[in-house]
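A short worksheet on the structure shown next.
For this chain, numbers begin at 1 and follow the sequence in order.
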Amino acid sequence: MAMSSGMSLFSRLTGRSLGTVLGQCRGKTLTARRWYISTSAENNLQFKLDERTAHSSLDLYKKDTGVIYRILGVDPSLVQDTPLRFRDWAVVLADTHIDSGRHYWEVTVKKSHEFRVGVAEVMTSRDECVGTNSSSWVFSYVQRKWFAMTTGKQVPVPLVGKPDRVGLLLDYEAGRLSLVDIQKAEVVYKIKTQFRSPICPAFALWDGELLTHSGLEIPPGL
């Protein structure tokens, strides 16, 4: 379905929420050199958010471990234009890539009604939103409901309400990304796939803010 030029401009200014703009773009091949910090197969994954990837509507804070959505954000012409940056979607990636092991991190959600948390290939297209292509796997929260997403397909996740904090458990070799209820220390839902290249934590945000917590031990029993 085609959008008017006015709606298209508004969508770019606001980071193009999929709650209001459906569909996906045709991605372009990203040829930038690998720039992420490598991580081993050990637990306690430690990462920060990388400003070079952040859409202009996203503002990093707390030593680059959190991100706030600004309704207008920074004028895109004032943001350094690099092939690493998401230009049309309110997405930011972490600065660490993962190519093995089991890892766990958590996300605190503040005043947000629409966001995505998950992982993406390090070289995923910057012209597509995470969850809309085959190189990203996310859990989406929108309209008070949770979904598992990849290649634009949405599968309802049986998690009632919006928690203040959720956990993500990644098993690279097994090809599993799990959403964790940290209050019960239970896996709510698993996305199953096969990772073929290095990946990194990925986040999309259309209101409020997210704060990441890395360097955590995997909870017992998970």
Side-chain angles (χ1 to χ4, degrees), residues 17-19 22 24 43-45 47 49 67 89-94 96-122 124 128-222:
S17 162
L18 281 193
L22 300 179
Q24 68 182 68
N43 298 329
N44 301 335
L45 173 71
F47 65 82
L49 305 178
V67 57
W89 302 96
V91 176
V92 61
L93 303 181
T96 303
H97 83 237
I98 303 166
D99 54 16
S100 62
R102 297 179 77 233
H103 307 280
Y104 177 79
W105 62 96
E106 294 180 354
V107 181
T108 295
V109 182
K110 298 181 179 180
K111 301 178 182 179
S112 179
H113 299 88
E114 187 172 358
F115 58 88
R116 295 179 186 180
V117 293
V119 297
E121 291 182 358
V122 170
T124 190
E128 299 173 291
C129 189
V130 292
T132 65
N133 54 32
S134 60
S135 60
S136 57
W137 305 262
V138 302
F139 293 101
S140 169
Y141 182 83
V142 61
Q143 297 179 349
R144 301 182 180 181
K145 296 179 181 179
W146 282 93
F147 300 90
M149 287 191 67
T150 187
T151 62
K153 298 178 181 178
Q154 298 187 93
V155 178
V157 172
L159 183 64
V160 179
K162 184 185 72 174
D164 294 329
R165 187 159 166 163
V166 296
L168 290 142
L169 176 63
L170 172 71
D171 189 326
Y172 188 93
E173 282 81 8
R176 287 197 299 265
L177 177 68
S178 302
L179 182 66
V180 177
D181 182 334
I182 67 171
Q183 299 298 324
K184 300 178 180 179
E186 293 180 351
V187 169
V188 176
Y189 193 89
K190 296 177 182 178
I191 296 175
K192 296 182 179 180
T193 186
Q194 183 175 2
F195 301 119
R196 301 179 182 276
S197 64
I199 59 178
C200 60
F203 309 88
L205 182 68
W206 290 283
D207 61 357
E209 58 188 276
L210 301 178
L211 181 62
T212 65
H213 312 276
S214 60
L216 304 177
E217 291 282 355
I218 296 176
L222 292 184

Nearest-0.5 Å distance that lies between atom CG in L177 and atom CG in L169: 8.0 Å
Among Y141, F139, F147, the one residue meeting ring pair (Phe, Tyr, Trp, His ring centres under 6.0 Å) with F115: Y141
Set of salt bridge (Lys or Arg N to Asp or Glu O under 4.0 Å) partners for D207, sequence neighbours left out: none
Gap between atom CG of L45 and atom CZ of R102 - 0.5 Å precision: 13.0 Å
Over all atoms of both residues, closest heavy-atom pair of A120 and V130: CB-CG1, 4.2 Å
Side-chain touch V157/S140, heavy atoms, less than 4.5 angstrom: no
Euclidean distance, F195 CZ relative to L170 CG, rounded to 0.5 Å: 5.0 Å
Heavy-atom closest pair, residues W206 and A90: NE1-CB, 3.8 Å
Approximate separation, where rounding is to 0.5 Å, of L49 CG and T96 OG1: 10.0 Å
OG-CD distance between S112 and E209, expressed to the nearest 0.5 angstrom: 9.5 Å
E217 side chain to N44 backbone, donor-acceptor under 3.5 Å: no
Contact summary for L210 and A204, nearest pair of heavy atoms: CD1-O, 4.3 Å
Intermediate values then yes/no, side chain to side chain contact (heavy atoms under 4.5 Å, CB included), C129 and V91: CA-CA 7 Å; C129 189; V91 176; 4.0 Å; yes
Reported OG1-to-CD1 distance for the pair T150 and I191, which is rounded to 0.5 angstrom: 7.0 Å
Shortest non-hydrogen contact from T151 toward S134: CG2-CA, 3.5 Å
Let me have the donor-acceptor pairs involving side chains of residues 104-111, under 3.5 Å, with sequence neighbours excluded, atom names and distances please.
unit_1	atom_1	unit_2	atom_2	d
Y104	OH	E106	OE2	2.5
E106	OE1	R165	NE	2.7
E106	OE1	R165	NH2	2.9
T108	OG1	H213	NE2	2.6

N/O donor-acceptor pair under 3.5 Å between S135 side chain and E121 backbone: no
Whether R116 side chain and G131 backbone form a donor-acceptor pair below 3.5 Å: no
Side chain to side chain donor-acceptor pair (under 3.5 Å): pairs with one or both residues in residues 179-194, sequence neighbours excluded: W137-T193, Q194-R196
Residue pair V188 / V166, side-chain heavy-atom distance below 4.5 Å: no
